[in-house]
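This report concerns only the one structure given below.
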Protein chains: 2
Amino acid sequence: MDLLLDTASELFAELGYEATTTNAIAERAEVSIGSLYRYFPDKQAILKALAARHLEQLRGLYARVFTDDVVYLPLPVLLDRLVDPFLELHLGRPDYAHILLGASVSADIAAAGSVAEDEIQERLTHLFLRVAPRLSKARARLVATVCKGTVKALIAMASEVNDRKHRAKIVAETKQMMLLYFQSVLRR
Amino acid sequence: MDLLLDTASELFAELGYEATTTNAIAERAEVSIGSLYRYFPDKQAILKALAARHLEQLRGLYARVFTDDVVYLPLPVLLDRLVDPFLELHLGRPDYAHILLGASVSADIAAAGSVAEDEIQERLTHLFLRVAPRLSKARARLVATVCKGTVKALIAMASEVNDRKHRAKIVAETKQMMLLYFQSVLRR
DNA sequence: AGATAACACGAGTAAACGCTCATCTCGCAG
DNA sequence: CTGCGAGATGAGCGTTTACTCGTGTTATCT
């Protein structure tokens, strides 16, 4: 079953959800279609299972990233803590983007995805409130929104670039922009 | 023919490219499928024509945005000039995202899209070099990359939010971040 | 060894979809 | 009024694809 999920993940990344046939998944996994349909009621179920697996990984990441001590880290280090793990996760799993795109197929998956995003947003908001207690809740939420969006953009930019050195430069530059922004938020 | 393109644009925005059937396009446009296929050799041709139309609009935008005088504008005004038109264009055309996604279907479209992005990148690089002549070419390109990515992220964020006031706040906050970044780039 | 249950198999099915083409419509010239 | 041609029409064709089911294979227990 995990084998099927891994194979589906590969094919979704290569061809996208729609263009991937269930027969192709079964064939590459060296399993008959009959067996595939013993474990998954239909094609969407595979997508849902993959989405669930990713969600689990994301939640695991939250637990590691949003620990209590990060509040006391210097700002640049805090940034690394917030950005690098998510970047690595997404660069290592090229199918994730396709799963999110495939989400428009099923309302369930889209809902789960946006719940995950809201969780990040909420955690970031709390983090900012602890780092900068003078911030209003509304402002902290706004900063969290922009932060989340910028990291998303960074992930997109980094995914498009294959050269490691160039990628590192883009990452560093974006972090620099975020650092300046955070500093100005704290100063007020 | 324009009627067909507009209808296709609507349906792609609602359902996505794959899920939209040619019959559905013809039906909603109140045209027979036979007639549709008189004007477009196949389904992809519709997508390509739409992509071409968007590209044309984008190029028109370049001409209006990247004029010679922008170099002498104050930074915050320059930012508005660079961000607002693109934001408006994308908010007003909800199918654009789907066209870009559908681009993975055809290498041609993907190529055209990345050419358009390279053009923006090039124009931004030149702009930054004129505004800040002390910048190295490599650095200007890097700044352009980050700028482009951030505007993309802003478009994505803004598209997800329906409340006008909330959207305006997100836009203002992101511009603030970019402003701080540009100031620090100029200062060095 | 034989019986039984659990699972794997893949040819086949029904539905959907992109696309074609024989037919029809209609405006116009002679 | 007739004949003609450009263009519109939609039933239907061929193909693809998600999914089923009758058969074959293996594992387990008595």
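Each chain gets a letter, A, B and so on, in the order the sequences are listed, and its residues count up from 1.
When the C1' atom of C:dA8 is taken as reference, atom CE of A:M1 falls 16 Å away, rounded to whole Å. If you measure from atom OH of A:Y37 to atom P of C:dA8, you get 16 Å, rounded to the nearest angstrom. The CD atom of A:E18 sits 11 Å away from the P atom of C:dG18 (whole-angstrom rounding). Summarising the geometry, the separation between CG on B:D42 and P on D:dT15 is reported as 17 Å, rounded to the nearest angstrom. Distance B:L4 CG to C:dG18 P: 14 Å, rounded to the nearest Å. The CG-C1' distance, from A:L3 to C:dA8, rounds to 14 Å in whole Å. Atom CD of B:E27 and atom P of D:dT9 are 13 Å apart (whole Å). Atom CD of A:E30 is separated from atom C1' of C:dC9 by 14 Å (rounded to the nearest Å).
A close approach under 4.0 Å does occur between a side-chain nitrogen or oxygen of B:T22 and OP1 or OP2 of C:dG18. For B:Y39, a side-chain nitrogen or oxygen approaches OP1 or OP2 of D:dA8 to under 4.0 Å. Between B:S35 and the phosphate of D:dT9, there is a side-chain N or O to OP1/OP2 separation shorter than 4.0 Å.
Within the 4.0 angstrom heavy-atom criterion, base atoms lie near B:N23.
B:R123 has no carboxylate O lying under 4.0 Å from a charged side-chain N of B:D118, or vice versa, which leaves the two without a salt bridge. Between A:D163 and A:K165 there is no salt bridge, since none of the side-chain N atoms of the basic residue sits less than 4.0 Å from a carboxylate O of the acidic one.
The aromatic rings of B:H90 and B:Y96 lie perpendicular to each other, with more than 60° between the two planes, well past the 30° mark. Under the 30°/60° scheme for interplanar angles, the aromatic rings of B:F86 and B:Y62 are found to be tilted.
Side-chain polar atoms of B:N23 and B:T21 form no donor-acceptor pair below 3.5 angstrom.
In the set D:dA8, D:dC19, C:dC9, D:dC19 carries the atom at the smallest distance from any side-chain atom of A:I33.
Residue A:T21 is the one, among A:T21 and A:G34, whose nearest nucleotide of DNA chain D lies closer to the 5' end (criterion: closest heavy atom). Mapping B:R38 and B:K43 onto DNA chain C via the closest heavy atom, the residue that lands nearer the 5' end is B:K43.
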